[in-house]
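Fair warning: this is a prediction, and the values are worked out from it, not measured in the lab. The sequence lines fix the lettering, A, B, ..., with proteins before strands; numbering per chain opens at 1.
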Amino acid sequence: MTSTADAPVATERGVAVEFRELRRSYGNTHALDGLSLALRPGELLALLGPSGCGKTTALRLLAGFDTPTSGEVLIGGRDVTGVPAAKRDTGMVFQAYSLFPTMTAAENVAFGLRMRKVGPAERKRRADELLQVVGLGERGGSYPHEMSGGQQQRVALARALAVSPSVLLLDEPLSALDARVRVQLRDEIRRVQLAEGITTLFVTHDQSEALAVADRVAVLNAGKLEQVGTPQEVYAHPATPFVAEFVGTTNHVPVADGRITPGGETRQVRPEGLAVGVPDGLAATVLTSTFLGPVTRLVLTTEVGELVVDATSRPGLPAIGDPTRSPWPRSDSRTQIQRLAGNGLRPPRESLE
Amino acid sequence: MSELLEAPAAPPDRVRPTRSWGAALGLLPFVGYLVVFLGGPLFFVISGALSTPEGQPTLDNLVASVTSPQYQAAFVSSLVLSAVTALVGAVFGAFLAQAVLTGRRDGPLQRIVSTASGVLAYFGGVPLAFAFIAALGQTGLATAFLRGVGVDLYGLGFRIDSLTGLGLTYVYFQVPLMVILITPALEGLLPQWREAAENLGASAWAYWRHVALPVLAPAFGGATLVLFGNAFAAYATALALTSGSIPLLPTAIASALSGNVLANQQNVGLALGFDMVVVIAVVMVGYLVLQRRAARWSAR
Amino acid sequence: MRGRRWRVVVLVLAAVYFLVPLLSAAEFSLRTPGGGYGVGNYLAIVTDEVLFTSLLTSLQIAVFTAVLVLVLVVPTAVWVRLRFPSVAGLLESATILPIVVPPVVMAAGIAFVQANLGGPVFRALFASSATALTPFYVVLALPFAYRAVDNGLAAIPLRTLVEAARNLGSSLASALLRVVLPAIRSAVLGAAFLTLALVLGEIVIARILLYTDTFPIAVVEVGRSAAGVSVALSLASLVFTWVLLLLVSFAGGRRSRKASS
């Protein structure tokens, strides 16, 4: 599903988008503190960060719902900073409840075309076409209150795409949905986005969502860009301690001679980079065990602190309270996070004991 | 009336019938109170309207109440006054509510307007009439001020005790009532609707025309009906301002009730009350229909 | 920014329309027989014994009415929100009825009962203005009181509060009294003061039923001989209830802000 190409193929539709030194302050708080970021034509860039990090502000500045304190927003090389929202040619999908309640699904989708004075016949054709695209070809006559949350968001996506905008803006479009529908719609959005080849900014606080659909992920914290890169890069080579902590789960492990050794050099290792039941490892006790399907997540107490291990689910895994032989870093470096050069990573968390 | 008050059967899904009957029982004090103390008087009005002073059933009172030219005139002016002040009050009240809502949330302006609305919606009768006479009467302050700047209201034919003057006074309690009734609906307009419309290329006007007004229409219509009923019911203000020189239904009822000219008058007064109840019933049915529609569209 | 202008126009228009009559009345009420200005008219409330007694009578009615209104409205509104949300719309419509049913028609029906029905119950009911008027003022007060309380309930996590209290072993009644009521105290006070506004202004039912000892009727009566006193006292009662409501509003606002930060 996820494209692994470093530079996605630019399509005819795709348009470059750029934030230049964008600042937005509310009194003394800086929602955005000098954000510079470029979206390549046709790529899906996920803007990831905790709530209040400024990601929604960036999106609203791009949509034109807010004006920057300083800096510029460029769409297709054109400075649109002073252009009102109605003239920006972006298509936006909101968190939830954004469909116009008095209009049917088809009327919602056709709304943008109506505002652009497109004739009724063409409007209907295009609305039907887009409802097909999002898999709701039969529901054109339904009102929003007759549809599920997931269906409403599909209609919202169709509505945003109907005007053939140059940029698609997704503001946490999945956050109000059930887990199951969320994954489904997430893949659906990616499929449609690739088919349309439209440059897309996807704002989310959910790292798994961002890693799953994006060509590139930009991690934002406290109004500043921490890192931008492919999901693989961000996951395996976090540029800052914040990224390491925010994206995925991280163990801080002292390692010497390829083994966990107290007092060794601190390495960051993902949970799937550690193993349990290794015969000559350190002693550990299982604190919690969480079955996640294909893997089981174990939290172990060891003399080097708590460690999180994802083990392949299988019979015979140690249960809560069981002693086990210590975790062992897999030699396979893919799951180990590259050590950050010359900075003070946070020490491992204190053991509970 | 009492049908309107009865609790409906259990909601079809989720709740088991036994529990729902228990739930309905919880409404009994409230509904029972309304039935006794509002339904009771209405019952006696209706039964009195349909009987002679001796208690025999008759339709004569009702016939008299709708055929007498005097009462017909009262009917017409009551309807016109109520309709016009309901519309004016509704439109201006909606604008005022929106103007207040677009200000700072829970700011002083919002607090002042919302509390003042509660008090002024009950403001009526002699004090209100007097305030308007003090402002816009022959020797009123506003009249004098306007004369000073070259507008002679009374030269232009204005009278505070005319239907126009009465309407102007009624708006004083209609607008606050509208603010109270319409504010929840205005608050129900989700900000993302405006943003979505804007994002799709709609101007501010197009947003109101295609999105917000259709959403508000049922609530606005329902509130306007309540305002109509409110004006239709008002009595003390009209009496105080015009001393009965303008025939209105409530004043006609009051004078028929206290009248001792003709033997039958009491029951004719009740028949007029019955007529009013019929109008109110029509208003309430319209209100319920609109309310149901409004509920369907509310997002959450 | 574009929308600012219409807003200013509407607010200015409203301020003029609502303030001019009040200020004109205030100016009138401050006139003295000699031709100057003074507060003499306002002092009548303490010097005129009839007015003062009538005020006490009306305050008594207001207290009775407010208590009865709250006893009816608070449990019902809580009940509807917790157990019977499907009737919320219908109940709200029912509370509209007292706005649209003409008081004069209500009064006509009551007068019929008063004149034609005997028996100890009715004799007790119509024995004094307090007992006769309170039940019907409750009906008139319901619409706004219900709205005020329901808005208050909408602003708190009602279900969680009640369930938490019941989970800790309190009965539904004590959960209402000890947990819910304090949480909506500003809404409850608001409803009570709206009731006060009603009682200090209602004259239609009182007059038709011939209970002439209430404050609003006494104020109208005194107006026949001393218009200034009448205007002064109506204005004073209006401003008094408004200030009470405003105080509740600001106090409530401060509390909730403190709680949320």
For B:Phe132 and B:Tyr172, take the angle between the two ring planes, folded into 0 to 90°, and tell me which bin it lands in: parallel under 30, tilted 30 to 60, perpendicular over 60.
perpendicular
What is the ring orientation for C:Phe136 with B:Phe37, classed by angle as parallel under 30°, tilted 30 to 60°, or perpendicular over 60°?
perpendicular
Under 4.5 Å from any heavy atom of chain C - which part of [X]:
X: B:Leu96; value: both
X: B:Leu28; value: neither
X: B:Leu177; value: side chain
X: B:Phe130; value: side chain
X: B:Ala240; value: neither
X: B:Val113; value: neither
X: B:Thr169; value: backbone
X: B:Leu181; value: side chain

Would you mind telling me which of [options] has the largest number of heavy-atom pairs within less than 4.5 Å of chain C?
options: B:Pro108, B:Ser47, B:Gly103; result: B:Gly103
options: B:Gly229, B:Ala99, B:Gly40; result: B:Ala99
options: B:Gly48, B:Gly125, B:Ala116, B:Ala231; result: B:Ala116
options: B:Val126, B:Leu227, B:Val100, B:Ile46; result: B:Val126
options: B:Val36, B:Val283, B:Ile112; result: B:Ile112
options: B:Val279, B:Ile253, B:Thr102, B:Leu109; result: B:Thr102

Sort out for me which of [options] touches chain B most, counting heavy-atom pairs under 4.5 Å.
options: C:Ser234, C:Pro21, C:Ser230, C:Ala14; result: C:Pro21
options: C:Leu72, C:Leu200, C:Val80; result: C:Leu72
options: C:Ala26, C:Ser93, C:Ala25, C:Gly201; result: C:Ser93

Side chain [X], main chain [Y], donor-acceptor under 3.5 Å:
X: B:Tyr33; Y: C:Pro135; answer: yes
X: B:Asn230; Y: B:Gln174; answer: no
X: C:Thr134; Y: C:Phe64; answer: no
X: C:Asn41; Y: C:Leu30; answer: no
X: C:Thr95; Y: C:Glu92; answer: yes
X: C:Ser24; Y: C:Val20; answer: yes

Give, as side chain, backbone, both or neither, the part of [X] having an atom under 4.5 angstrom from any heavy atom of chain B.
X: C:Val113; result: side chain
X: C:Phe193; result: neither
X: C:Ile203; result: side chain
X: C:Trp242; result: both
X: C:Tyr17; result: both
X: C:Leu142; result: side chain
X: C:Phe28; result: side chain

Flag the pair C:Arg31 and C:Glu27 as a salt bridge only when some basic side-chain nitrogen lies within less than 4.0 angstrom of an acidic carboxylate oxygen.
yes
Quick one: are [X] and [Y] in side-chain contact, heavy atoms under 4.5 Å?
X: C:Leu238; Y: C:Leu22; result: yes
X: B:Tyr122; Y: B:Pro176; result: no
X: C:Leu194; Y: C:Leu198; result: no
X: B:Leu128; Y: B:Leu120; result: no
X: C:Thr76; Y: B:Leu27; result: yes

